[in-house]
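Worksheet: one structure, shown below.
The shown structure was predicted, so the numbers you read here are calculated from the model rather than taken from an experiment.
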Amino acid sequence: WFLGHTHGTGHRNVELRTAQYRASFDEIFCLSFAKSLVAAKIRNARTLMRRNWRGEEEARGAALEALKRAIARVDRVRTMSELLGVEGDAAAIYFRNFTALLKMETEAGHLPAFQFERRTRRPPADPVNALLSFGYAMLTRSLTVTLSGVGLDPYRGFYHRPRYGRPALALDLMEPFRAIVADSVVIQVVNNGEVGPDDFIFSGLGCALKASARKRFIAA
């Protein structure tokens, strides 16, 4: 969880925030902006998958083609609900094939700890989901601090709906960077052995990184 950050009196450019709030009520602008974010998110996910694939070639081709079709569908959507549907379909394809990006064998043998079936959150249910969630929390932190620093309100977004405590604009801007920043580091630390099966704590239904592994992940 991203808990908070320290700052001074805040950015003085209130007109910038006024323009942000005004644009957030413009449905045409919001949809156009959101479409650009989602298209970039799927495109980057597809690139990461193409560069890191370790599975069967036939499955690789099918997954890449499905994501290519999803990118084309983004341009044709006319409502936010349609866009959410396309994004959800693309995410399902991506995460369904995420294990194919991970190195499952080492000299010591098989690594069942890094088997990945689906994306789970609050709490993450397995080591890969724990790594993804921690990476996304760090990315949310970085963007929230950056948005505050330039005078924008990180809690008023254009794609993610406002909700108490949700940094909606930070989550908006996260979308294109999930794969190329967070997911790529998850792939790196697993495939290079920087984080191993013994670096996790299971508690109830959840899984979390041990403190020493968090430091290595942050460094990566």
Side-chain angles (χ1 to χ4, degrees), residues 1-2 37-71 73-74 81-105 110-140 159-161 166 171-172 174-191 194-210 213-214 217 220:
W1 295 97
F2 168 43
L37 294 174
V38 172
K41 175 185 181 179
I42 302 172
R43 190 175 296 112
N44 288 339
R46 185 176 183 272
T47 298
L48 189 75
M49 182 175 289
R50 188 175 69 242
R51 292 177 177 175
N52 293 276
W53 190 268
R54 292 172 174 270
E56 297 178 359
E57 279 301 307
E58 185 177 350
R60 175 182 183 270
L64 293 177
E65 183 59 31
L67 290 178
K68 184 177 181 179
R69 290 196 299 269
I71 296 168
R73 286 174 59 199
V74 169
S81 60
E82 290 180 33
L83 183 60
L84 285 165
V86 174
E87 183 189 11
D89 290 344
I93 295 165
Y94 175 69
F95 284 121
R96 189 164 60 241
N97 290 278
F98 197 76
T99 299
L101 312 182
L102 302 176
K103 185 178 180 181
M104 288 290 106
E105 297 287 342
H110 194 53
L111 290 178
F114 294 112
Q115 289 288 351
F116 178 84
E117 295 182 2
R118 61 189 179 92
R119 180 77 179 110
T120 57
R121 306 177 298 160
R122 302 188 185 94
D126 55 68
V128 175
N129 273 297
L131 289 167
L132 290 169
S133 289
F134 188 52
Y136 297 153
M138 290 180 62
L139 196 52
T140 303
Y159 182 37
H160 290 81
R161 295 296 89 193
R166 171 192 274 180
L171 297 177
D172 284 356
M174 257 182 70
E175 297 297 357
F177 297 103
R178 286 178 183 267
I180 57 176
V181 177
D183 299 0
S184 64
V185 174
V186 172
I187 293 168
Q188 173 191 320
V189 298
V190 171
N191 291 353
E194 295 174 61
V195 173
D198 296 329
D199 286 321
F200 299 87
I201 299 171
F202 290 86
S203 177
L205 299 176
C207 175
L209 278 160
K210 293 180 180 178
R214 282 201 302 271
F217 186 85

Flag, side chain of Arg46 to backbone of Leu64, donor-acceptor distance under 3.5 Å: yes
Student check: side-chain heavy atoms of Pro127 and Phe202 closer than 4.5 Å: yes
Least distance between heavy atoms, Gln188 atom then Glu194 atom: NE2-OE2, 3.1 Å
Spacing of Thr47 atom OG1 and Leu67 atom CG [to the nearest 0.5 Å]: 10.0 Å
Close side-chain approach of Ile180 to Leu48, heavy-atom, < 4.5 Å: no
Min side-chain heavy-atom separation Tyr159-Leu171 under 4.5 Å: no
Parallel, tilted or perpendicular: rings of Phe98 and Tyr94 (30°, 60°): perpendicular
Stepwise side chain to side chain contact (heavy atoms under 4.5 Å, CB included) test for Phe200 and Leu131: CA-CA 10 Å; Phe200 299 87; Leu131 289 167; 4.0 Å; yes
Side-chain donor or acceptor of Asn97 paired with backbone N/O of Ala100 under 3.5 Å: no
Asp199 side chain vs Gly196 backbone, donor-acceptor pair below 3.5 Å: yes
Side chain Lys41, main chain Met174, donor-acceptor under 3.5 Å: no
Backbone of Gln115 reached by a side-chain donor or acceptor of Thr99 within 3.5 Å: no
Asn191 side chain to Leu101 backbone, donor-acceptor under 3.5 Å: yes
Interatomic spacing from CG in Leu84 to CG in Asp89 - rounded to 0.5 Å: 11.0 Å
Backbone N/O of Ala125 and side chain of Thr120: donor-acceptor pair under 3.5 Å: yes
Pairwise side-chain contact, Glu175 with His160, heavy-atom cut-off 4.5 Å (strictly under): yes
Atom CZ of Arg54: over 12 foreign heavy atoms under 6.0 Å: yes
CG-CZ distance between Leu139 and Phe177, expressed to the nearest 0.5 angstrom: 8.0 Å
More than 12 heavy atoms of other groups within 6.0 Å of Arg51 CZ: no
Asn44 side chain vs Pro176 backbone, donor-acceptor pair below 3.5 Å: yes
Side-chain H-bond candidate by donor/acceptor type, Asn129 with Arg121, under 3.5 Å: no
N/O donor-acceptor pair under 3.5 Å between Arg178 side chain and Asp183 backbone: no
